[in-house]
Amino acid sequence: MVEEKKGIAVKDSGEYGSLSYSSEESTDFDSAFDEEVVEYETSFQYIKVFVLHLSNVIKSFLGSNWLGAPFAFSQSGIILGVVAVLMVSVLADYCCTLLVMVKRSINEAKVGGTYESGKWLPSFGHVKKRYPFPHNMDNAKPVTTYGEVVRVCCGKPAERVLDLALTMMQCSFLIGYFIFIVETGTEMVYSNLPDDEKGNNETFVRLGMTGLIYILVVPMVCIRDITMLGNTSFIGWVALMTGMVLVLSQFDLHSAGDVSYFKFGTLPLTLGIFTSGFEGIAMVLPVEHSIRHYGDPPSSRYPAMLHFSCQFCGACIAIVGIFGYLTFGDDTNQIVTLNLEQSPLVYVIQVTLMLAIFFTIPLITFPAGETIEMNIFGETHTHNVPGQKGPIFNSMRRNAITLITLAIVALIAFFVPQFGLVGGFVGALCGSSLSFIFPIVVYYCVFEVTVPRLIFHSLIFLFGVYIMVTGSLIAMFAIISTF
């Protein structure tokens with residue numbers, strides 16, 4: 001007997017049943033929670049929605065991370081760098097798939113079925129669902145975020161740890177953005193000053209540039225409309241990718257510097273930088289949830305979108321890193337654009353990248369402020385809710401949190417202008433746990449594992465711990481040595 005329940009094919013085969021998953025069937029678990037699913041009338045709508053969501057998935061992974069890729073290669077050597085970026089991209093892809101699988105499994109369990117993993121994972125054999133879940137679930141709504149998955153699988157304390165790691169990652173991106181804009185702007189202004197006026201004015205130029213960027217970005221980070229923030233972020237992302245192509249055009253392999261092939265001593269720092277480069281880990285589940293409202297094909301094609309996005313991000317980091325390092329050698333700057341000789345085209349590139357990153361800051365600030373507000377007050381008011389303290393108080397509270405956070409970020413960027421080292425430190429300390437440790441833990445909490453998969457997952461877990469410990473220590477000592 002097969003009961004059709006709001007788009008879910010549930011087979012009556014035991015206490016929990018069995019979900020049949022295929023691209024021909026509607027497998028929208030979230031429809032069981034009375035959430036609307038979009039219907040299509042033409043094939044053009046299929047293609048349009050698919051391309052739109054593919055671009056959103058790619059955009060969530062590939063940001064400004066490629067700017068520090070040549071420096072990362074200078075810390076590992078060319079051959080170890082290639083191996084490192086390949087490992088990080090493949091394992092990040094795999095762990096993102098695990099997260100989506102666990103999330104879908106939790107939501108499917110809420111409507112009384114079980115989920116077989118063969119459609120999602122490489123063939124290590126099938127796994128069997130564990131029931132009940134370790135912690136109580138709110139059956140009134142679907143699980144949609146990374147934090148909710150961790151709370152269901154590991155409890156509230158683990159969710160707090162995850163929130164801290166996510167907040168630190170978001171703040172590190174903001175620090176990196178501020179460092180890039182301030183250092184690039186300072187270089188443009190300072191290099192055009194007459195020699196007799198330079199002296200020690202570089203510090204004052206940097207201070208003025210930091211204050212100017214903070215003042216300019218304040219009105220934008222107070223915007224509450226997430227759609228408007230998404231549009232400005234998309235414009236910034238297009239400009240960022242245009243800047244990447246222009247930067248690649250400036251690399252000249254004929255003037256190659258001294259390069260190394262193997263640098264084992266600082267390899268963990270490289271792994272930390274690459275791990276922070278895959279900055280979309282926190283958006284994997286929210287994007288997947290939004291795509292599920294569009295039914296098939298976007299929903300059933302999400303694994304392919306995820307695989308393509310991770311490998312595309314890895315390829316961009318590898319291409320910029322390899323050619324940048326081969327061009328500038330061991331003299332590669334932490335921000336590769338600072339290695340470029342000043343010219344009208346380089347000015348255009350720098351201004352384009354500064355504007356691109358500037359328009360990305362508000363959207364990156366939004367989730368950080370929301371997480372901080374939730375952990376301090378136990379609630380968040382992204383939208384004004386009738387009867388809850390009034391719209392003025394909500395806006396003032398969130399804006400105060402955002403502006404204080406942004407001020408701290410600006411101060412760190414001013415006093416620690418180390419783009420690559422900051423990214424490497426936070427990537428090693430937080431990115432490794434988000435990308436390699438938590439996905440393995442939540443998967444184990446939900447599924448029983450075979451011996452081959454247990455060995456494989458244990459190696460991924462240890463790989464994450466290795467990056468976390470050694471990478472963060474190397475980056476921290478390198479930052480201290482700059483003072």
Side-chain angles (χ1 to χ4, degrees), residues 61 65 68-69 72-73 75-102 120-122 124 127 146 149-150 153-154 158 161-162 165-166 168-169 172 262-282 284 306-307 309-311 313-315 317-318 321 420-421 423-447 449-476:
F61 275 98
N65 35 40
F73 271 84
Q75 299 302 300
S76 64
I78 194 73
I79 293 179
L80 279 183
V82 171
V83 173
V85 73
L86 181 63
M87 287 183 62
V88 171
S89 62
V90 170
L91 293 180
D93 180 8
Y94 181 85
C95 289
C96 286
T97 302
L98 292 184
L99 278 180
V100 176
M101 181 181 169
V102 170
W120 275 85
L121 288 177
F124 285 99
V127 293
Y146 200 167
V149 168
V150 171
C153 295
C154 307
V161 174
L162 181 89
L166 285 172
M168 289 183 65
M169 282 288 288
S172 75
F262 300 94
K263 288 185 177 180
F264 289 97
T266 49
L267 175 61
L269 176 59
T270 297
L271 291 170
I273 295 174
F274 288 157
T275 301
S276 69
F278 288 81
E279 58 190 56
I281 186 71
V284 167
L306 199 56
H307 301 328
S309 300
C310 287
Q311 302 316 314
C313 178
I317 291 175
L421 296 179
F425 174 75
V426 180
L429 185 63
C430 302
S432 58
S433 63
L434 296 173
S435 298
F436 306 125
I437 296 177
F438 272 111
I440 299 300
V441 173
V442 297
Y443 180 85
Y444 178 76
C445 289
V446 174
F447 294 99
V449 294
T450 59
V451 173
R453 182 170 290 152
L454 178 62
I455 295 173
F456 181 53
H457 285 186
S458 298
L459 291 175
I460 296 176
F461 184 90
L462 293 174
F463 179 70
V465 173
Y466 168 74
I467 297 176
M468 176 189 292
V469 176
T470 59
S472 59
L473 287 176
I474 291 174
M476 181 178 64

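These numbers come from the heavy atoms of this one structure, side chains and all, not from hydrogens, waters or symmetry mates. Please read all numbers here as calculations on a predicted model, not as lab measurements.
Between atom CG of residue L80 and atom CZ of residue F264 there is a gap of 4.5 Å, rounded to the nearest 0.5 Å. Going from atom OG of S276 over to atom CG of L271 covers 11.0 Å, rounded to the nearest 0.5 Å. Interatomic distance, CD1 of I440 versus CG of L459, reported as 10.0 Å (0.5 Å rounding). If you take CD1 on I467 and CG on L462, they are separated by 11.5 Å, rounding to the nearest 0.5 Å. In this structure, CG in L434 is found 10.0 Å from CG in L429, a value given to the nearest 0.5 Å. One distance of note links CG of L98 with CG of D93; it measures 10.0 Å at 0.5 Å rounding.
At a threshold of 4.5 Å between non-hydrogen side-chain atoms, the residues F447 and M101 count as touching. At a threshold of 4.5 Å between non-hydrogen side-chain atoms, the residues Y444 and H457 do not count as touching. Looking only at side-chain heavy atoms (C-beta outward), V441 and C153 stay at 4.5 Å or farther from each other. Inter-residue side-chain proximity for F438 and V149 is flagged as unmet; no heavy-atom pair is nearer than 4.5 Å. Counting heavy atoms from C-beta on, the side chains of L306 and V100 come closer than 4.5 Å.
Across all their heavy atoms, V85 and V82 have their closest contact at CG1-O, 3.3 Å. When all heavy atoms are compared, the tightest approach of V469 to S472 is O-OG, 3.2 Å. The shortest heavy-atom contact between S433 and M468 is CB-CE, 3.6 Å. For the residue pair G314 and S89, the shortest heavy atom distance occurs at CA-CB, 4.2 Å. Taking each heavy atom of G68 and I273 in turn, the nearest pair found is O-CG2, 4.3 Å. Of all the heavy atoms in K263 and Q75, the pair that sits closest is CB-O, 3.5 Å.
Of the possible donor and acceptor atoms, none in the side chain of S76 sits under 3.5 Å from a partner among the backbone N and O of L267. A distance-only check finds no donor-acceptor pair linking the side chain of Y146 to the backbone of L166 [under 3.5 Å].
Residues forming a ring pair (Phe, Tyr, Trp, His ring centres under 6.0 Å) with F461 (at least two apart in sequence, or on another chain): none. In this structure, the side chain to side chain contact (heavy atoms under 4.5 Å, CB included) partners of S435, at least two apart in sequence or on a different chain, are T275, I281.
Residues F73 and F274 bring their aromatic ring centres within 6.0 Å.
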